[in-house]
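Structure, as structure tokens:
By convention here, the first residue in the shown sequence is residue 1. What's counted below: heavy atoms across the whole structure, side chains too, no hydrogens, waters or symmetry copies.
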Amino acid sequence: MILVYVGMLIIGFAALIKGADWFVDGSSSLARVFQVPGVIIGLTIVALGTSAPELAVSTAAALAGSNEIALSNVVGSNIFNLLCVLGVCAVIKPLPVDTQISKRDFPISILATIFVLIATCFKTLTGGGLQTMTMDQIAGTVSRGIGLILLVFFLCYIIMLIMKAKQHSGEDQAAEESSPLKIFLLILVGIALIIAGGQAVVVSAKEIARAFGMSETLIGLTIVAVGTSLPELVTSIVAARKGETGMAVGNVVGSNIFNMLFILGVSSAIHPISVNVASLWDMVILIGISLLSLLFGLTKKQINRAEGLIMLLVYVGVVLFAAIR
């Protein structure tokens with residue numbers, strides 16, 4: 001049975017790679033046709049498309065009442081996106097960070113995480129008893145009300161991006177003559193392969209992990225989070241190799257905002273999500289990692305190879321901490 005899941009894992013990876021290749025080609029063509037900057041496409045279409053597996057997994061987990069997977073998938077995916085996706089892309093090729101991403105989108109991502117942390121765990125954080133609590137004790141709840149607030153924030157963010165795209169329409173690039181049908185098919189088939197490949201990787205990796213006795217929380221934070229973030233990783237790597245560095249960074253930051261505001265919002269609106277102490281600390285770690293990534297991007301307006309390597313090493317440390325606890 002393990003061999004069957006290993007086969008699924010390989011097929012899933014192949015679908016992810018090919019789907020990402022077509023998806024990036026279609027998205028970059030779409031950006032040129034409508035004369036929209038690649039970074040905006042990365043923050044919207046690419047980010048929404050590559051976050052589809054997280055949406056599917058977290059929504060299914062919420063419906064099944066698997067709260068730990070629903071929340072840890074979002075937090076774990078965001079940690080993976082920042083450290084591994086940006087780290088690997090920066091090691092392959094230094095990543096220029098758009099000024100608008102540093103000044104607008106990165107802060108929005110950080111503030112969204114801080115809001116979720118405070119709104120759900122305020123009593124625990126201010127009560128003084130956190131030090132004596134075990135990792136599996138409940139520290140707070142992402143209620144339906146909080147979920148609806150997150151969805152309103154997400155809607156406002158998308159409206160802001162659309163307005164920004166209209167302002168920059170026609171700037172910095174010439175329109176491209178491409179077949180709308182070809183672009184549509186590239187994007188549609190690319191997304192389909194990405195979602196199918198991501199699901200195949202998640203299911204197979206989950207079963208392989210369970211065969212080795214991993215807990216649900218650890219599976220959600222690592223295996224499921226990494227599996228659902230593979231579309232971001234593969235898409236960003238392909239984008240970076242094709243010279244679409246703005247799309248690569250925009251994809252990561254946009255996906256993180258999408259995960260925290262929309263996916264967590266939808267999941268908690270379906271079923272309130274309990275936040276245990278382990279997830280509380282994971283959100284604190286995510287905020288610290290976000291600030292580190294922002295610092296790297298602000299220093300020289302790019303993430304260089306050395307900083308990318310540091311980010312990868314930090315991720316190894318995060319995973320080891322999650323496993324040890």
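Both I146 and I270 belong to a common hydrophobic cluster when Ile, Leu, Val, Met, Phe, Trp and Tyr are linked at side-chain heavy-atom distances under 4.5 angstrom. Hydrophobic clustering keeps L264 apart from V152 (ILVMFWY residues linked when any side-chain heavy atoms are closer than 4.5 Å, directly or through intermediates). At a threshold of 4.5 Å between side-chain heavy atoms, the hydrophobic network of Ile, Leu, Val, Met, Phe, Trp and Tyr places I101 and L291 in one connected group. Hydrophobic clustering of Ile, Leu, Val, Met, Phe, Trp and Tyr side chains at less than 4.5 Å, counting indirect connections, keeps L295 apart from I110. In the hydrophobic cluster analysis, where Ile, Leu, Val, Met, Phe, Trp and Tyr join through side-chain heavy atoms closer than 4.5 angstrom, I11 is grouped apart from M8.
Residues D105 and L161 have side chains in contact (heavy-atom distance under 4.5 Å, counting atoms from C-beta outward). Q137 has its side chain out of reach of T124: every pair of non-hydrogen atoms, C-beta onward, lies at least 4.5 Å apart. Here the side chains of I138 and V275 are not in contact, with every heavy-atom distance at 4.5 Å or above. Proximity of L117 to M283: side-chain heavy atoms (C-beta onward) are separated by under 4.5 Å at one or more points. M260 is listed as a side-chain neighbour of L286, based on a closest heavy-atom distance under 4.5 Å. Within the 4.5 Å cutoff, no side-chain heavy atoms of Y315 are placed close to those of L320. Annotation: side chain of L312 is in contact with side chain of V91 (closest heavy-atom distance under 4.5 Å).
Screening residues 147-156 for side chain to side chain donor-acceptor pair (under 3.5 Å) gives no qualifying pairs among residues at least two apart or on separate chains.
Minimum interatomic distance between L193 and G19 (heavy atoms only, all atoms of both residues): CB-CA, 3.7 Å. Here the closest heavy-atom approach between residue E307 and residue N304 is recorded as N-OD1, 2.8 Å. In terms of heavy atoms, I237 sits closest to C89 at N-SG, 3.6 Å. Looking at every heavy atom in both residues, S255 comes nearest to N78 through O-OD1, 4.4 Å. In plain terms, the two heavy atoms of L233 and C84 that are nearest each other are CD1-O, 4.2 Å. Heavy atoms only, all atoms of each residue included: S268 and I273 are closest at N-CD1, 3.9 Å.
Without hydrogens or angle criteria, R144 side chain to P272 main chain gives no donor-acceptor distance under 3.5 Å.
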**Message:** Would V319 and F80 count as a side chain to side chain contact (heavy atoms under 4.5 Å, CB included) here? Give the steps.
**Reply:** CA-CA 10 Å; V319 172; F80 182 85; over 6 Å; no
**Item:** side chain to side chain contact (heavy atoms under 4.5 Å, CB included) assessment of M133 paired with V277
**Value:** CA-CA 7 Å; M133 295 176 71; V277 175; 3.7 Å; yes
**side chain to side chain contact (heavy atoms under 4.5 Å, CB included) between L150 and F262, intermediate numbers included** = CA-CA 7 Å; L150 292 175; F262 185 75; over 6 Å; no
**Request:** Could you walk me through whether T120 and T141 pass the side chain to side chain contact (heavy atoms under 4.5 Å, CB included) test, one step at a time?
**Result:** CA-CA 5 Å; T120 58; T141 303; over 6 Å; no
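The ring-ring contact (aromatic ring centres under 6.0 Å, His included) search around F106 returns none, not counting sequence neighbours. Shown here are the side-chain contact (heavy atoms from CB on, under 4.5 Å) partners of I118, two or more places apart in sequence or in another chain: I114, F122. Residues satisfying the side-chain contact (heavy atoms from CB on, under 4.5 Å) test with I289, not counting sequence neighbours, are I79, L82, L83, I285, S293, V318. Every residue meeting the ring-ring contact (aromatic ring centres under 6.0 Å, His included) condition with F153, not counting sequence neighbours, appears here in chain and number order: F115. Listed by chain and number, the residues in a side-chain contact (heavy atoms from CB on, under 4.5 Å) with S102 are V97, L294, L298 (sequence neighbours excluded).
Distance CD1/I257 to CZ/R104: 8.5 Å, rounded to 0.5 Å. Atoms OG and CG, from S109 and N81 in turn, are 9.5 Å apart once rounded to the nearest 0.5 Å. How far CG of L181 is from CG of L188: 10.5 Å, rounded to the nearest 0.5 Å. The CG atom of N259 sits 10.0 Å away from the CZ atom of F154 when rounded to the nearest 0.5 Å. In this structure, the separation between CD1 on I303 and CZ on F296 is 8.0 Å, given to the nearest 0.5 Å. Atom SG in C121 sits 11.0 Å away from atom CH2 in W281 (nearest 0.5 Å).
Considering V85, V88, V249 in turn, V85 is the only one that fulfils the side-chain contact (heavy atoms from CB on, under 4.5 Å) rule with S236.
Using modelled atom types, one finds a donor on one side chain and an acceptor on the other under 3.5 Å when comparing S279 with N276.
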